[in-house]
Structures are given as structure tokens and as C-alpha cells.
A.B. asks: 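Got a structure for you, written out below as C-alpha cells; questions coming shortly.
No hydrogens, no waters, no symmetry mates; every other heavy atom, side chains included, goes into these values.
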Amino acid sequence: MELLSWISDQLTMLAEAFAEPLTEERMEIYVRGLADISQDQLRVSFQRVLRQLTFFPKLAELRNFAGASTDNETKVEADAAWSYINDYLRKWGADLLPVRSGGKEVAPPPLDSRIEYALRRIGGLSALNQIDVNRMPFVYRDFCEAYALAPLAEQMAPRLQQQFANPKPLATGGEFPVKDLARSRALDAGKKQTIK
């Protein structure tokens, strides 16, 4: 409650500084939207807003000035997922064999769908297990990008599955004219020979 009161006081100060009316409803929206950020980060945010802006900030701008943008949160979350999957690989191995402990067989826990998606994009656990040290930063980048895209991929999956369920390579009713393709390539090769 102390933090919420402090945020409310800071918002009131900003509203006065920018001569902006601040309704109770708007105040409540802002306070709730900033409540998950530490007081130190918010202090920096409010100071930066006063010095750098000429207008009352939107909630997203205050969060960005505090360093709590969704992009940053996604990067931190992807980094935590990268650490988790590397620890998971060390514990369970690339083949995910069960471990015997205390006379019991313990199977590896299932992975989160976002981690599974990102892992597939980099080639799976066996590819991660055999990665060259020089390629590690690039695989890390690819993993983090895939992790960030995973929710969108999951959302689009039904539509994409329907769209690509029965692909038809050409306007031939689904049959690929291999003979025609081979014939056209032979003709192209013949044209190149006659040009020389």
C-alpha cells in the first residue's frame, strides 16, 4: 500500500508539472500498471520523464523509462529459458533417459511449449548438446528469437495447418510434373550450350 500511495503522489506531481488533468479512474489505471515495478526504477522513470518529455507520459512510456518494457521482459524471460534448457540438458541428457534415484525410476519432466518450440527451431536437444563453442552466441540468439515468437506461432498454428495441410505445388491438381521439369531443364541447358 505504501508503494501504491507513493506512485499516486508521483503521478499527481507529474500531472501538475505538465498541467494535465488526472481523473481518479486514470490514476487507478496508472497505479495498477506501475505496481509491479520497484520504487527505485519508478523514481528514475519519474525523474527522466520530468527532464526529457514535454507532455504527460502514457503508461507504456513510464514503464519504458523504468526499464520495464515488454521487450526487455521478453529478453529476460528468454534468457531464463535458455539457462533452464541448458540445465535440463545437463541433468537429463539429449536422449531424455530416465534416471534411477533411490530405487525409483524418474522420468524427465515435460518441457514448456514455448521452450519446446524454441528448442525445435535450433535443432533439438541433441543439436544443443553438440554445439560448437564458436556457434553458441548464434544459437543463443536463434533460441531467444524463437522463444519470443512461440506464442504467435501457437496462435497461428490452426490456420497454418489448414493452409498447408494439402499443398499443391503447381496448378496441376496436386501432381508435380517431374517429366516436364526435367525436360525444361534440359532445354535450358541446350540453350546455354548453343549461346557459347
Side-chain angles (χ1 to χ4, degrees), residues 1-89 110-124 127-128 131-164:
M1 289 305 281
E2 184 179 319
L3 177 64
L4 301 180
S5 176
W6 181 82
I7 293 172
S8 180
D9 292 343
Q10 296 301 308
L11 289 169
T12 303
M13 179 203 53
L14 282 181
E16 286 295 319
F18 292 113
E20 180 78 21
L22 194 60
T23 64
E24 283 185 39
E25 293 82 9
R26 189 175 182 194
M27 174 75 79
E28 185 176 337
I29 291 168
Y30 272 70
V31 169
R32 286 182 186 210
L34 298 171
D36 63 325
I37 302 172
S38 75
Q39 189 169 355
D40 290 337
Q41 287 177 291
L42 287 173
R43 185 174 288 113
V44 169
S45 176
F46 289 127
Q47 290 171 357
R48 289 182 64 195
V49 164
L50 281 172
R51 292 184 186 127
Q52 297 176 14
L53 297 183
T54 59
F55 53 87
F56 192 82
K58 302 286 186 202
L59 180 57
E61 292 168 323
L62 280 168
R63 292 185 64 82
N64 284 338
F65 276 114
S69 69
T70 54
D71 287 343
N72 290 338
E73 289 172 4
T74 302
K75 288 176 185 175
V76 169
E77 188 178 351
D79 186 61
W82 173 258
S83 295
Y84 175 80
I85 197 61
N86 279 284
D87 291 341
Y88 187 90
L89 178 63
L111 292 171
D112 175 68
S113 63
R114 288 181 75 179
I115 292 175
E116 279 185 347
Y117 177 80
L119 195 56
R120 280 193 311 270
R121 300 288 293 160
I122 63 167
L128 181 60
I131 196 164
D132 181 43
V133 174
N134 296 325
R135 291 193 54 232
M136 185 69 78
F138 304 107
V139 174
Y140 170 76
R141 178 202 60 205
D142 294 345
F143 179 89
C144 290
E145 287 174 1
Y147 186 84
L149 290 175
L152 178 61
E154 190 173 329
Q155 180 184 4
M156 292 179 65
R159 187 184 72 171
L160 293 174
Q161 191 173 31
Q162 183 180 18
Q163 182 178 349
F164 297 112

A.B. asks: Please find the pair of heavy atoms, one from G123 and one from A127, that lie closest to each other, and give the distance.
C.D. replies: O-CB, 3.4 Å
A.B. asks: Report yes or no: does S8 contribute a side-chain atom to a donor-acceptor pair with the main-chain N or O of L4 at less than 3.5 Å?
C.D. replies: no
A.B. asks: Who pairs with D9 by side-chain hydrogen bond (donor to acceptor under 3.5 Å, both in side chains), at least two apart in sequence or on another chain?
C.D. replies: none
A.B. asks: Under the side-chain hydrogen bond (donor to acceptor under 3.5 Å, both in side chains) rule, collect the residues that match up with S38, sequence neighbours excluded.
C.D. replies: Q41
A.B. asks: If the condition is side-chain contact (heavy atoms from CB on, under 4.5 Å), which residues does A15 pass it with, not counting sequence neighbours?
C.D. replies: L22, F56
A.B. asks: Mind listing the side-chain donor-acceptor pairs of residues 24-37 below 3.5 Å, one per line with the distance, residues two or more places apart or on another chain?
C.D. replies:
residue : atom : partner : partner atom : Å
R26     : NH1  : E20     : OE2          : 3.0
R26     : NH1  : P21     : O            : 3.3
E28     : OE2  : R32     : NE           : 3.2
E28     : OE2  : R32     : NH2          : 2.8
Y30     : OH   : P57     : O            : 2.7
D36     : OD1  : R63     : NH1          : 2.8
D36     : OD2  : R63     : NH2          : 3.2

A.B. asks: How long is the span from the CG atom in L89 to the OH atom in Y84, to the nearest 0.5 Å?
C.D. replies: 12.0 Å
A.B. asks: Under the side-chain contact (heavy atoms from CB on, under 4.5 Å) rule, collect the residues that match up with D132, sequence neighbours excluded.
C.D. replies: N134, R135
A.B. asks: Side chains of residues 136-146: which donor-acceptor partners sit under 3.5 Å, not counting sequence neighbours?
C.D. replies:
residue : atom : partner : partner atom : Å
Y140    : OH   : D79     : OD1          : 2.8

A.B. asks: Indicate the atoms forming the closest heavy-atom contact of L149 with Y117, along with that distance.
C.D. replies: C-CE2, 4.4 Å
A.B. asks: Pairs of donor and acceptor atoms involving the side chains of residues 42-51, under 3.5 Å and at least two apart or interchain, shall be tabulated with distances.
C.D. replies:
residue : atom : partner : partner atom : Å
R43     : NH1  : D40     : OD1          : 3.1
S45     : OG   : L62     : O            : 2.8
R48     : NH1  : F65     : O            : 3.1

A.B. asks: Return the OH to CD distance between Y147 and E116, rounded to the nearest 0.5 Å.
C.D. replies: 12.0 Å
A.B. asks: Give a yes or no on whether Q39 atom CD has more than 12 heavy-atom contacts from other residues, nucleotides or ligands under 6.0 Å away.
C.D. replies: yes
A.B. asks: In Å and rounded to the nearest 0.5 Å, what is the CG to OH distance from L111 to Y88?
C.D. replies: 4.0 Å
A.B. asks: The criterion is salt bridge (charged side-chain N to carboxylate O under 4.0 Å, His left out); which residues satisfy it with R114, sequence neighbours excluded?
C.D. replies: E77
A.B. asks: Is any side-chain heavy atom of W6 less than 4.5 Å from a side-chain heavy atom of Q10?
C.D. replies: yes
